[in-house]
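Have a look at the structure below before the remarks.
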Amino acid sequence: MAKIQPPQPVRGTQSMLGEEADRFHAVVAAFDRVRRLFGFKRVEVPVLEQTAVFARSLGETTDVVSKEMYSFKDRSGDSVTMRPEFTAGIARAYLSEGWQQFAPLKVATHGPAFRYERPQKGRFRQFHQLDAEILGAAEPQADVEVLLFADQLLKELGLGETAVLKLNTLGDPETRRAWRDALHEHFQGHRDALSEESRERLERNPVRILDSKVHGDWPVIDSAPVIDDFLTSEAGEFFGAVTAGLDSAAVRWERAPRLVRGLDYYRHTAFEFMTDTLGAQGTVLAGGRYDGLVEALGGPHTPAIGWAAGIERLSMMIAAPEPERPEAVLVPLGERAQAAAVRLLADLRLRGIAIDMAYRGNMKKRMQRAAATGAGFALIIGEDELEAEAAQVKDLKTGEQRAVAFALLEASIRA
RNA sequence: GCGAUCGUAGCUCAGCUGGUUAGAGCAUCGGUUUGUGGUACCGAGGGUCGCGGGUUCAAGUCCCGUCGGUCGCCCCA
């Protein structure tokens, strides 16, 4: 009979156990803690959306939409997509779920997202993001709020030094248009010096040339016009208010004049927290103001700002968290003790004690297992202990052991 | 989508220029100690050498393909 092959995981997906899972959870727990401090409401949005939600909001020509989405027709023939990011789905919910009445609305969520990419360090096909958004707020205070949230989160994760905030402004539409035209003119003039990719970007989106990683492009990029010369007074004031907010909250930041966003609906503030510890994946948290997105989905003009962070990337950067361990492990010996142990376990767990049971092997094995969990105490119960209604409680660190009446176990573990 | 590199037990790896029954450590299970762990010793189980083809008297070892991991390009979280 042919033995069947055990299935392989889908490429770019992960299963986590032990330290990896602990790290992941530590990031999510910190996020949820800080989220509450900042008053961002917990929301849940679907993994599946109509394909149009992402196609319209991200732009049909972006890499994400044109070649990285997990899209398929469901059984009724509708084209649906597994979210490649959170913002579009939240914007959709803002429109379709009546969330507009709560504007300005501060929301946060986390979960899996999907992109069909070549996996590598810090890059997966199913990856997980933290996400924070403020919808319906045009004020620079919202930008500051969202940035302070990100900054405090990273500090609580112990990444205050390793992740650096790079900040830029893309100005308002008027600014952007003028700057874009100037860039086009500049790059057109140096066309021959540009790489092939950059020449392709020239007509479609000259702003993106600033992103180029081709070293040969850099001299031309360095001499390109800077946005500051094109900022309208409103846009300049807006950016000034954001940086002033950051400064008064003592958040360290660096101006990154070449930091841009490809999509047209981005306005004003754009930022990334960067690191050099993750190889090619330097961005650990990124976001910006997307005042044009809700309109692109057919809604009313709605200023908004938000960010997303990669949970896996943060997990890889933080110090290893303390592993979870039970407070005690029950070691029953013999059938009668086994039966009594189940009752004791249930009782202690109801009282909030984290306790496990070692039920396999001889006593030596059971003690080994108890010690291996990292528990503080082993509670030994055999025939003698049943008679006396008192367990032998062994402190696994000091090796000291004494009899403790069943009724007093909780107190002795807590002590 | 492109490039590089790797793929031997559950895990980490060793197997020299192709040559008899493929090894180690850790882990697992059992024992020395049938009621006491974190040490030591003894023993056991566990491998289609990723998969498929080819070269050869002979392939884990060479060649081709394929799948997967890793790293980079691209893109991004």
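Labels below follow one simple rule: chain letters A, B, ... track the order of the sequence lines, proteins then strands, and each chain is numbered from 1. These values consider heavy atoms only, across backbone and side chains, with no hydrogens, waters or symmetry-generated copies.
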*Okay, side chain of R360(A), backbone of K365(A): is any donor-acceptor separation there less than 3.5 Å?*
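The answer is no, because no donor-acceptor pair under 3.5 Å joins these two groups.
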*Taking R349(A) for the side chain and I355(A) for the main chain, is one N or O donor matched with an acceptor at less than 3.5 Å?*
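Checking the backbone N and O of I355(A) against the side chain of R349(A), a donor-acceptor pair under 3.5 Å is found.
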*Using a 3.5 Å limit on both pairing distances, list the dot-bracket string of RNA chain B from the 5' end; Watson-Crick and G-U wobble pairs count, crossing pairs take [ ], interstrand pairs take |.*
(((((((..((((.....[...)))).(((((.......))))).....(((((..]....))))))))))))....
Can you measure [X] atom [atom1] to [N] atom [atom2] for me and round it to whole angstrom units?
X: D131(A); N: C76(B); atom1: CG; atom2: P; value: 17 Å
X: M363(A); N: G35(B); atom1: CE; atom2: C1'; value: 5 Å
X: Y116(A); N: C2(B); atom1: OH; atom2: C1'; value: 14 Å
X: F54(A); N: C75(B); atom1: CZ; atom2: C1'; value: 18 Å
X: L396(A); N: G37(B); atom1: CG; atom2: C1'; value: 7 Å
X: R118(A); N: C74(B); atom1: CZ; atom2: P; value: 15 Å
X: E117(A); N: A77(B); atom1: CD; atom2: P; value: 9 Å
X: F127(A); N: C75(B); atom1: CZ; atom2: C1'; value: 11 Å

_Aromatic plane relationship, H186(A) with H190(A) - under 30° parallel, 30 to 60° tilted, over 60° perpendicular_ =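 Tilted.
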When the [atom1] atoms of [N] and [M] are considered, how many whole Å apart are they?
N: G18(B); M: C63(B); atom1: P; answer: 11 Å
N: U20(B); M: C67(B); atom1: P; answer: 33 Å
N: G25(B); M: A44(B); atom1: P; answer: 12 Å

Does [X] have any salt bridge (charged side-chain N to carboxylate O under 4.0 Å, His left out) partners at least two apart in sequence or in another chain, and if so, which?
X: R125(A); value: none
X: R369(A); value: none
X: E97(A); value: R92(A)
X: D291(A); value: R289(A)

_ring pair (Phe, Tyr, Trp, His ring centres under 6.0 Å) partner of F149(A), chosen from F273(A), F271(A), F38(A)_ =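 Single pass found, and it is F38(A).
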*asked:* So, does Q120(A) get its side chain near the phosphate of U70(B), meaning an N or O under 4.0 Å from OP1 or OP2?
replied: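 Q120(A) to U70(B) OP1/OP2: no side-chain N or O under 4.0 Å.
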_Phosphate OP1/OP2 of G69(B): any R11(A) side-chain N/O under 4.0 Å_ =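 So the side chain of R11(A) is within the cut-off, an N or O lying under 4.0 Å from OP1 or OP2 of G69(B).
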What salt bridge (charged side-chain N to carboxylate O under 4.0 Å, His left out) pairs are there with at least one residue in [range], not counting sequence neighbours?
range: residues 395-409 of chain A; answer: none
range: residues 370-381 of chain A; answer: none
range: residues 110-120 of chain A; answer: E117(A)-R123(A)

*asked:* Does anything in residues 81-91 of chain A come within less than 4.0 Å of RNA chain B? Heavy atoms only, and list the residues if so.
replied: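 None - not one residue of the stretch has a heavy atom sitting under 4.0 Å from the strand.
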*Residues of residues 380-387 of chain A with any non-hydrogen atom less than 4.0 angstrom from an atom of RNA chain B: list those, numerically ordered, please.*
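I380(A), G382(A), E383(A), D384(A), E385(A), in order of number.
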*Looking only at side-chain atoms of R115(A), point me to the closest of U70(B), G37(B), A77(B).*
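From the listed options, A77(B) comes nearest.
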*Which parts of nucleotides 26-32 of chain B does protein reach within less than 4.0 Å, heavy atoms only, written one letter per nucleotide 5' to 3' as B for base, S for sugar-phosphate only and - for none?*
---SSSB
*For every nucleotide of nucleotides 8-13 of chain B, 5' to 3': is a protein heavy atom under 4.0 Å from its base (B), only from its sugar-phosphate (S), or from neither (-)?*
------
_Can you tell me if R33(A) has over 12 outside heavy atoms packed within less than 6.0 Å of its CZ?_
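Atom CZ in R33(A) is packed in, count exceeds 12.
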*Please check if atom CD in Q338(A) has more than 12 non-hydrogen atoms from other residues, nucleotides or ligands closer than 6.0 Å.*
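Result for CD/Q338(A): enclosed.
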*Close side-chain approach of Y70(A) to T81(A), heavy-atom, < 4.5 Å*: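 Of all side-chain heavy-atom pairs linking T81(A) with Y70(A), none is under 4.5 Å.
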*Tell me yes or no: between the side chains of D247(A) and W253(A), is some donor less than 3.5 Å from an acceptor?*
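Side chains of D247(A) and W253(A): pair found under 3.5 Å.
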*asked:* Please determine whether any donor N or O and acceptor N or O are separated by less than 3.5 Å between the side chain of R123(A) and the base of C74(B).
replied: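 Pair found.
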_Between U36(B) and Q392(A), counting only base atoms on the nucleotide and side-chain atoms on the residue, is there a donor-acceptor pair under 3.5 Å?_
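Donor-acceptor pair under 3.5 Å: no.
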*asked:* Ring centroids only, cut at 6.0 angstrom: are H128(A) and F24(A) within range, meaning strictly under it?
replied: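 Between F24(A) and H128(A), which both carry aromatic rings, the centre distance is below 6.0 Å.
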